[in-house]
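Only one structure is covered here, and it is reproduced in the block below.
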Amino acid sequence: MKAEVVSMTEENLDMEAIRRGGEILKKGGLVAFPTETVYGLGGDALNPQASRKIYAAKGRPSDNPLIVHIARMDDLAPIVSGITHEAMILAEKYWPGPLTMILPKSDLVPLETTGGLDSVAVRFPSDRIAQELIKAAGGYVAAPSANTSGRPSPTTAQHVEEDLGENIDMIIDGGQVGIGLESTIVDFTEDVPVVLRPGYISLEMLQDTLGDVRMDKGLIASDSKVHPKAPGMKYRHYAPRADLSIVEGPEEKVVETISRLALQAEAQGKKAGIIATDETRDRYPSGLVMSIGSRKEEETIAHHLYEVLRDFDQSEVDFIYSEAFYTPRMGQAIMNRLLKAAGHKVIHVE
Ligand code: TXA
Ligand code: MG
């Protein structure tokens with residue numbers, strides 16, 4: 001089936017289209033929609049059949065649990081079997097917003113939605129289109145990122161159409177998303193809250209609010225035998241068609257090294273792509289150079305990462321060399337995604 005595409009903005013909601021989207025979801029169909037992080041592929045979270053459809057449409061392993069999206073604070077209690085005091089503090093501070101919390105699930109949530117786990121991931125997005133759609137669907141929408149499994153998460157409705165346009169019922173085009181990287185995931189099922197996936201809300205922000213919060217060991221361990229706890233974080237996720245390496249070190253040296261590697265590739269008849277910044281883009285003498293944004297506005301870097309990776313997949317490059325982006329606030333989240341895309345291939349220069 002070819003998806004119907006409807007367009008609207010947060011300021012100018014098309015309530016009739018949202019009502020139809022809600023009906024599709026209630027009948028077990030799939031609707032892609034914008035959120036402030038990335039586009040989501042929605043299905044009724046309480047309907048096991050709908051969750052199975054989501055896995056099939058994305059080509060996603062069914063042991064990789066889905067996030068349940070809500071649009072009213074009161075809708076949290078029925079799907080969890082306990083809320084810690086700390087989880088309540090985070091909900092009050094960051095919801096609606098780019099935060100997902102893992103809590104013990106109640107019987108209302110089918111195991112199909114949680115990939116067989118007895119915990120459930122819950123998020124209350126701030127995007128108004130998302131909120132209205134969730135309410136129109138009955139309150140609980142399971143939504144992974146709306147990409148084919150193994151591709152970068154979609155930040156525009158066109159990305160969703162490329163990947164899933166033939167497999168789902170409706171796509172709501174709400175324009176470019178705001179943040180561009182998936183939500184921060186915090187696990188409350190252990191003694192101390194643990195960040196399973198870094199995002200716009202950083203570890204430092206969470207520690208400022210709660211005190212003791214840890215980073216999942218599987219995310220920071222150099223030992224590849226220590227696996228991340230979020231099932232989805234263990235997958236390579238996305239591998240660009242070209243061979244991607246990250247070059248890390250002082251800016252001068254990074255530009256020099258990437259320039260040399262690009263020239264070397266070209267001398268061998270290969271094409272090189274370069275992921276640069278507004279500050280460095282004009283300093284590379286060769287290669288297909290794409291700026292990801294400005295180091296002075298780290299949000300622009302987060303915002304463009306997936307788009308740049310998708311753009312390089314359309315081009316004919318054999319190698320991609322990327323600068324590293326350990327920016328102050330979002331660097332953790334940006335580098336987590338970039339390192340995964342590069343299969344942790346990093347060249348250190350001094
Ligand atoms: O920003 C976002 O979170 C987006 C938008 C659409 O809301 N959604 C998203 O979903 O990124 P997805 O499915 O692409 O990523 C969900 C991640 C996966 O890594 C999954 O393994 C993890 O959350 N997860 C879900 N439920 C979990 C659970 N009960 N325990 C541990 N990890 C869980
Ligand atoms: Mg995803």
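In each ligand, atom 1 is the first atom listed, and ligand 1 is the first ligand listed.
- Residue Pro231 has at least one heavy-atom neighbour below 4.0 Å for each of these atoms of ligand 1: 21 (O), 31 (C), 32 (N).
- Note on Arg295 versus Glu323: salt bridge recorded, some NZ/NE/NH1/NH2 to OD/OE distance being below 4.0 Å.
- For ligand 1, the atoms sitting less than 4.0 Å from at least one non-hydrogen atom of Asn64 are 18 (C), 20 (C), 21 (O), numbered in the order shown with element in parentheses.
- One finds a salt bridge joining Lys229 and Asp187 here, because a Lys/Arg side-chain nitrogen approaches an Asp/Glu carboxylate oxygen to under 4.0 Å.
- Salt bridge absent: Arg128 and Glu11 never bring a charged side-chain N and a carboxylate O closer than 4.0 Å.
- Here Ser149 does not reach the Mg ion (ligand 2): none of its N/O/S atoms is less than 2.8 Å from the metal.
- When hydrogens are left out, the protein atom nearest atom 3 (O) of ligand 1 is Ser183 OG, 2.6 Å; that is the closest non-hydrogen contact.
- Atom NZ of Lys345 has more than 12 heavy atoms from other residues, nucleotides or ligands within 6.0 Å.
- In summary, the atoms of ligand 1 found under 4.0 Å from a heavy atom of Gly40, numbered by their order in the structure, are 6 (C).
- By the 3.5 Å distance cut-off applied to N or O atoms, Arg123 is counted among the residues near ligand 1.
- Close contacts between ligand 1 and Leu117 involve ligand atoms 28 (C), 29 (N), 30 (N) [criterion: under 4.0 Å to a heavy atom].
- The single protein non-hydrogen atom nearest to atom 5 (C) of ligand 1 is Thr37 OG1, 3.6 Å, given as residue, atom name and distance.
- Atom CG of Asp212 is surrounded by more than 12 heavy atoms from other residues, nucleotides or ligands within 6.0 Å.
- Side chain to side chain, Ser294 and Thr300 fail the donor-acceptor criterion of an N or O pair below 3.5 Å.
- The ligand atoms of ligand 1 that sit less than 4.0 angstrom from a heavy atom of Glu182 are 1 (O), 2 (C), 11 (O).
- Given atom 7 (O) of ligand 1, the protein heavy atom at minimum distance is His69 NE2, 2.7 Å.
- Ligand 1 is approached by Ile67 to a heavy-atom distance shorter than 4.0 Å.
- Residues Arg310 and Asp313 are not paired through a salt bridge, judged by the lack of any N-O separation under 4.0 Å between the basic side chain and the carboxylate.
- Salt bridge present: Arg283 and Glu251 bring a charged side-chain N and a carboxylate O closer than 4.0 Å.
- In this structure, Arg60 is part of the shell of residues with a heavy atom less than 4.0 angstrom from ligand 1.
- Side-chain polar atoms of Glu182 and Tyr200 form no donor-acceptor pair below 3.5 angstrom.
- Criterion: ILVMFWY side-chain heavy atoms under 4.5 Å apart, direct or through other members. Under it, Ile70 and Val186 are part of a common hydrophobic cluster.
- Geometrically, ligand 1 and Lys229 share no nitrogen or oxygen pair separated by less than 3.5 Å.
- Remark: ligand 1 atoms within the under-4.0 Å shell around heavy atoms of Met233 are 19 (O).
- Looking only at heavy atoms of the protein, atom 15 (O) of ligand 1 is closest to Arg197 NH1, 3.1 Å.
- Protein heavy atom in closest approach to atom 24 (N) of ligand 1: Pro65 CG, 3.7 Å.
- For Ala143, the heavy-atom gap to ligand 1 drops under 4.0 angstrom.
- Nearest-residue assignment for atom 4 (C) of ligand 1 (options Ile102, Val38, Leu99; heavy-atom criterion): Val38.
- Residue Leu181 has no N or O atom closer than 3.5 Å to an N or O atom of ligand 1.
- When only non-hydrogen protein atoms are considered, atom 9 (C) of ligand 1 lies nearest to Ser145 N, 3.7 Å.
- Among all protein heavy atoms, the one lying closest to atom 19 (O) of ligand 1 is Gly232 CA, 3.2 Å.
- The shortest contact between atom 29 (N) of ligand 1 and any protein heavy atom is with Ser119 OG, 3.0 Å.
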Query raised in the report: When you look at Gln176 and His303, which way does the side-chain hydrogen bond (donor to acceptor under 3.5 Å, both in side chains) test go after all the steps?
Result: CA-CA 9 Å; Gln176 284 256 349; His303 189 93; 2.7 Å; yes

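- The 12-atom threshold is exceeded at CG of Asp208, counting heavy atoms of other residues, nucleotides or ligands nearer than 6.0 Å.
- Arg60 and Thr148 share no side-chain donor-acceptor pair at under 3.5 Å.
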